[in-house]
Structures are given as structure tokens and as C-alpha cells.
Amino acid sequence: MGIQITPSILNADFAALGAEVARIGSADWVHVDVMDNHFVPNLTFGPTMVEALARSTDVPLDAHLMIEDADRSALAYVEAGCGSVTFHVEAAKAPVRLAREIRSHGARASMALRPATPVEPYEDLLPELDMLLIMTVEPGFGGQRFLDLCLPKIRRARELMDKHGIETWLQVDGGISLDTIERCVEAGADVFVAGSAVYSADDPDRMVAELRAKAEAAAR
Ligand code: DX5
Ligand code: ZN
């Protein structure tokens, strides 16, 4: 599939989300950070808002669920029109069942790991996933500093995928910018969330192009 750029709208103007999403027309996905004020200390969108957002753009939505009751609520985001739904393994009680449910309802299934959650215990689960998300900050807020300590885990995750011969996408999220994207590519990531880097730029779509160019160059 190659390099994909998935801007997070967490740092966009929430009073003008339709217009904000229209500023990133060249993005591969729009990354929608769903927070419940329990799994993380912040509160954002619910399924009704996400459904309205899905109707407002042709770019597919990539929902990142930072919520406690992922097992019960994830399908609502598939039904809201998200093409990809990511749940946190630390929250899901039955991650295998949940991944299968997401897939059977027609979305890509993805699982996220917080910075302190190792990937090795989930090796056998990787073939159930379309994407693995390795957080490179503690989830909850945009604009945090990239955690270099996550790089070895990205590398180990890519090695496990290669070992199993699977082409699971490997997404990184948190502190991704022109300064940090290359080391993530070198470690094996191929899908890049960028929130503040994109929405603090004068021209967000140009930043998407610059991030893509830098990542593609590093991948060669
Ligand atoms: C953090 C979110 C991220 C965040 C990224 O909990 O999952 O998607 O918006 O923002 P930046 O790129 O500013 O770290
Ligand atoms: Zn996110």
C-alpha cells in the first residue's frame, strides 16, 4: 500500500469541522480521535458527530477509539460510516471477537497499544487485524512530544508481521512531524497520524504533502 498520511482533527477548529476537513483533501484518511473522559482524561466526539463528519467528506474516516467500553461501542462507529476502527487493547475485554465484528460489518479492524503496552503478547492476534496502531505519546491530547522509546517496539512489530508474512498496516500516532516521521519510517511504520503538525501549518494540505514526501524518501 505504501506510505499513508492520516491527519488528526483533534487540533482543528471544532466549530468548523466540515471546513477543516476540506483543508486536507489530499489526506488518505481523516483520523478521528474519540475520547470518553474515562480511558483518557479528555472528551471529544460521539457517533452522531462522526456520522455527520462522514457525510461531509469523501476522505474515509479512521476512528481511534480511546474509550473504556470499546467492546460495546465500536460498531456504532462502523455504522457511523468509518472505514477503519481502532480500539485499544488495554480497554477491550475480547479483542479477537471485537476485531472480527468490526471486519464482518465491513470496516478495517485495528488495535492500538499505549506506549507501555508490549506487542509480543499479541503476536498471534496480528493476522486478525488490518492495522496495528503504536502510540508514540500517551493518548489523550494533541501537541505532545514524540516518545523515542517507542521506536524499538515499532521495529519489533514490523519483524513479527514479516515473520507471519502479513501486510498489516503499522500506524504511529503522537508527535509526528517533519522532525520525527523519518525515524518512524526507518523503524517500519507506514501510516502516519499528524495532528498539530498539520493543523498548525498555514496550509494543512501542503504539510500533508511534505510529510508524505519525507516519508516516501525515507522508505526508499
Ligand atoms: C492523541 C491522539 C492523537 C493526536 C495527535 O491521544 O490519539 O491522534 O491528536 O496529535 P499530535 O500530532 O499533535 O501529537
Ligand atoms: Zn489518535
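No hydrogens, no waters, no symmetry mates; every other heavy atom, side chains included, goes into these values. Remember, it's 1-based here, ligands and their atoms both numbered in the order they're listed. Values in this document were obtained by computation on a predicted structure and should not be read as measured data.
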Pairs under 3.5 angstrom, nitrogen or oxygen on both sides, ligand 1 versus protein: list them out, please.
{"residue": "ligand 1", "atom": "6 (O)", "partner": "Gly140", "partner atom": "N", "Å": "2.7"}
{"residue": "ligand 1", "atom": "7 (O)", "partner": "Asp33", "partner atom": "OD1", "Å": "2.9"}
{"residue": "ligand 1", "atom": "7 (O)", "partner": "His64", "partner atom": "ND1", "Å": "3.2"}
{"residue": "ligand 1", "atom": "7 (O)", "partner": "Asp173", "partner atom": "OD2", "Å": "2.9"}
{"residue": "ligand 1", "atom": "8 (O)", "partner": "His31", "partner atom": "NE2", "Å": "3.4"}
{"residue": "ligand 1", "atom": "8 (O)", "partner": "Asp33", "partner atom": "OD1", "Å": "3.1"}
{"residue": "ligand 1", "atom": "8 (O)", "partner": "Asp33", "partner atom": "OD2", "Å": "2.8"}
{"residue": "ligand 1", "atom": "8 (O)", "partner": "Asp173", "partner atom": "OD1", "Å": "2.7"}
{"residue": "ligand 1", "atom": "8 (O)", "partner": "Asp173", "partner atom": "OD2", "Å": "3.0"}
{"residue": "ligand 1", "atom": "9 (O)", "partner": "Ser8", "partner atom": "OG", "Å": "2.9"}
{"residue": "ligand 1", "atom": "9 (O)", "partner": "Asp33", "partner atom": "OD2", "Å": "3.1"}
{"residue": "ligand 1", "atom": "12 (O)", "partner": "Gly195", "partner atom": "N", "Å": "2.7"}
{"residue": "ligand 1", "atom": "13 (O)", "partner": "Gly143", "partner atom": "N", "Å": "2.8"}
{"residue": "ligand 1", "atom": "13 (O)", "partner": "Ser196", "partner atom": "N", "Å": "3.0"}
{"residue": "ligand 1", "atom": "13 (O)", "partner": "Ser196", "partner atom": "OG", "Å": "2.6"}
{"residue": "ligand 1", "atom": "14 (O)", "partner": "Gly175", "partner atom": "N", "Å": "2.8"}

What protein N/O/S atoms lie closer than 2.8 Å to the Zn ion (ligand 2)?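 Those protein N, O or S atoms (cut-off: under 2.8 Å from the Zn ion (ligand 2)) are His31 NE2, Asp33 OD1, His64 ND1, Asp173 OD2.
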
With respect to Ser8, which candidate in Asp33, Asp173, Asp62 satisfies the side-chain hydrogen bond (donor to acceptor under 3.5 Å, both in side chains) definition?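 Testing each of Asp33, Asp173, Asp62 against Ser8, the sole residue satisfying side-chain hydrogen bond (donor to acceptor under 3.5 Å, both in side chains) is Asp33.
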
Exactly one of Gln4, Gln171, Arg158 should register a side-chain hydrogen bond (donor to acceptor under 3.5 Å, both in side chains) with Asp190. Which one does?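 Exactly one pass, corresponding to Arg158.
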
Does NZ or CZ of Arg108 come closer than 6.0 Å to the centre of the six-membered ring of Trp169, within 45° of the ring's axis?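 Judged by the rule, Arg108 and Trp169 form a cation-pi pair.
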
Tell me whether Arg114 forms a cation-pi arrangement with Phe39, defined as NZ or CZ under 6.0 Å from the six-membered ring centre and within 45 degrees of its axis. yes

Hey, does Arg55 have a side-chain heavy atom less than 4.5 Å from the side chain of Leu53? no

Under 4.0 Å between a side-chain nitrogen and a carboxylate oxygen: does that hold for Asp203 and Arg23? no

In terms of side-chain geometry, is the basic nitrogen of Arg103 or Asp130 positioned less than 4.0 Å from the acidic oxygen of its partner?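 Judged by the 4.0 Å cut-off on N to carboxylate O distance, Arg103 and Asp130 do form a salt bridge.
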
Check whether the side chains of Asn11 and Ser196 place a donor and an acceptor atom closer than 3.5 Å, and report yes or no.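 Side-chain D/A pair, Asn11 to Ser196: absent.
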
Find the distance between CG (Leu98) and CZ (Arg72) and round it off to the nearest 0.5 Å.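 Result: 12.5 Å between the selected atoms.
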
